[in-house]
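In what follows, a structure is listed as C-alpha cells, so that the remarks can point back to it.
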Amino acid sequence: MYGWREWGFIIGKSERGRSLSHESGKIKEKFLIISGYQKKWIRIERNREKQMIDLHTGTPWESVTFTAVGRNRKIFFSILQEAKELALRQQEGKTVMFTAMGAEWRQFGFPRRRRPLTSVVLDEGVSERIVQDVKEFIGNPKWYTDRGIPYRRGYLLYGPPGCGKSSFITALAGELQYSICLLSLSDRSLSDDRLNHLLSVAPQQSIILLEDVDAAFISRDLAAENPNAYQGMGRLTFSGLLNALDGVASSEARVVFMTTNHVDRLDPALVRPGRVDLKQYVGYCSQWQLVRMFQRFYPEQQPAMAQQFAEQAPVVSDQISAAQVQGHFMQYKADPDGAIKNMQALVS
C-alpha cells in the first residue's frame with residue numbers, strides 16, 4: 001500500500017522479521033507487526049523483495065497488507081486517514097524540499113523549519129519587490145485566464161555568491177507556505193523529455209528552483225568566441241530547456257526561480273520576458289544592509305553602533321557578502337564591540 005511508505009505511519013506492539021532465500025537467488029524479507037487499534041487486533045505484513053526494485057529510484061519493491069477479523073473495512077480507512085493527519089501535522093510550519101528522482105519528485109530529507117523572511121536582509125526594497133510580485137501572481141489567476149496569458153511566472157536572481165539568493169528563496173517559500181523543488185540542470189541523466197515531465201508534475205504550491213543555470217548552458221555568443229567553452233552536460237539541450245519553460249506543452253500555475261553568479265554568460269533567449277519576467281540583482285552588502293544585519297544580530301544595542309559598523313565596513317572592503325557578515329557575527333555572538341573592532345577579519 002503506497003500510503004504506508006508515503007505517510008510513514010507505524011502502529012505496533014510487537015514485531016517479527018524473517019528473511020527467505022530462494023535457490024534462484026531471490027531474497028524476500030518479511031516483517032510482521034501485530035498491533036491493537038480501536039480495540040481490534042490487526043495483522044500487518046510488510047514484504048520487501050530485493051530482486052524487484054523501482055527502476056527510477058533503485059529502492060526495493062514493498063507491499064503492506066492489513067488483516068483484521070470482521071466485516072467492517074472502515075477501520076483501514078481510519079488508520080490511513082490518521083496517518084495522513086499525523087504526517088501533515090509534522091510538516092505544519094515547515095518547508096518541504098523535493099528533489100528529482102527519475103520521473104518523479106521525492107522528498108529530500110526532513111521538512112525544515114520555515115525561515116522567517118526578515119532573517120534574510122537584502123538591499124533596500126528588493127525583498128518587498130519580489131514578494132509583492134509573487135503574491136500578486138499567485139492571487140490573480142483569473143487575470144491571466146481572461147487575457148489568454150499563460151499562468152506562469154519566472155524569476156532570475158543574479159549576483160556574486162554568498163549574497164543571499166538561495167537563502168531568500170527558501171525564506172520566500174516559508175512566507176508563501178510553499179515547498180521547494182530543487183533541480184540541477186547539470187544532471188547527466190536529465191533529458192528534454194524528463195525535464196518537461198518533471199516541470200509538469202511538480203507538487204502544487206511549490207517553487208521550482210534551478211540553481212546556477214550558467215553551469216549548464218552558456219550563451220551562444222560566448223560559445224562562438226570559444227569553441228572549447230563548456231556548453232552543457234547530459235542529454236538536455238538548450239532548445240529543450242526553452243521549450244520546457246514556455247513551450248506549448250509547458251505546465252501552467254508554475255513559479256520558477258533561477259539563480260546565477262554570472263548573468264553575462266546566459267543566452268538572451270533564456271532570460272527574455274515569458275521565461276524570466278523579473279530579474280533582480282542580489283549583490284554585495286550596502287550600508288543599508290549592514291545596519292540592519294547588525295541590528296538583527298544585536299537587537300539590544302543602540303542604533304549608533306550599527307551605523308558605526310556599517311560606516312567602517314567600506315574602509316575594509318566594498319565587496320562584502322551577506323555570508324561573510326553573518327560568519328563574522330557568529331564569531332562575536334555576544335560581543336558587538338568586538339565585531340566592530342575586528343572588521344579586518346571580514347576580508348581575511
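Between T95 and R113, the closest side-chain pair of non-hydrogen atoms is not below 4.5 Å.
With sequence neighbours excluded, the residues forming a side chain to side chain contact (heavy atoms under 4.5 Å, CB included) with Q312 are Q308, I340, M343, listed by chain and number. Taking the ring-ring contact (aromatic ring centres under 6.0 Å, His included) definition, one finds that H328 meets it with Y332, sequence neighbours left out. Considering only residues two or more places apart in sequence or on other chains, Y151 meets the ring-ring contact (aromatic ring centres under 6.0 Å, His included) condition with F137, Y144. For F297, the ring-ring contact (aromatic ring centres under 6.0 Å, His included) criterion is met by F329, not counting sequence neighbours. Judged as a side chain to side chain contact (heavy atoms under 4.5 Å, CB included), and not counting sequence neighbours, the contacts of P116 are T118, S119. F257 pairs by the ring-ring contact (aromatic ring centres under 6.0 Å, His included) definition with Y155, not counting sequence neighbours.
No donor-acceptor pair under 3.5 Å is formed between the side chain of D123 and the backbone N or O of V126. Of the possible donor and acceptor atoms, one in the side chain of N243 sits under 3.5 Å from a partner among the backbone N and O of S239.
Under a hydrophobic-cluster definition in which Ile, Leu, Val, Met, Phe, Trp and Tyr are linked whenever side-chain heavy atoms come within less than 4.5 Å, directly or via other members, Y178 and L182 are assigned to the same cluster. No path of Ile, Leu, Val, Met, Phe, Trp and Tyr side chains, each step under 4.5 Å between heavy atoms, connects L176 with L210, placing them in separate hydrophobic clusters. L157 and L245 sit in two unconnected hydrophobic clusters of ILVMFWY residues. Membership requires side-chain heavy atoms under 4.5 Å apart, directly or through other members.
Shown here is Q302, whose CD atom has no more than 12 heavy atoms of other residues, nucleotides or ligands within 6.0 Å. In the displayed structure, R115 atom CZ is contacted under 6.0 Å by more than 12 heavy atoms of other residues, nucleotides or ligands.
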Practice task
For side chain to side chain donor-acceptor pair (under 3.5 Å), just list the numbers for D187 and S189, CA-CA rounded to whole Å, side-chain angles, deciding distance to a tenth of an Å, and then say yes or no.
Solution key: CA-CA 5 Å; D187 181 354; S189 65; 2.9 Å; yes

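Between F98 and F108, the gap from one ring centroid to the other reaches at least 6.0 Å.
For the side-chain contact (heavy atoms from CB on, under 4.5 Å) test with R152, the passing option among L199, D246, I208, V256 is D246; the others fail.
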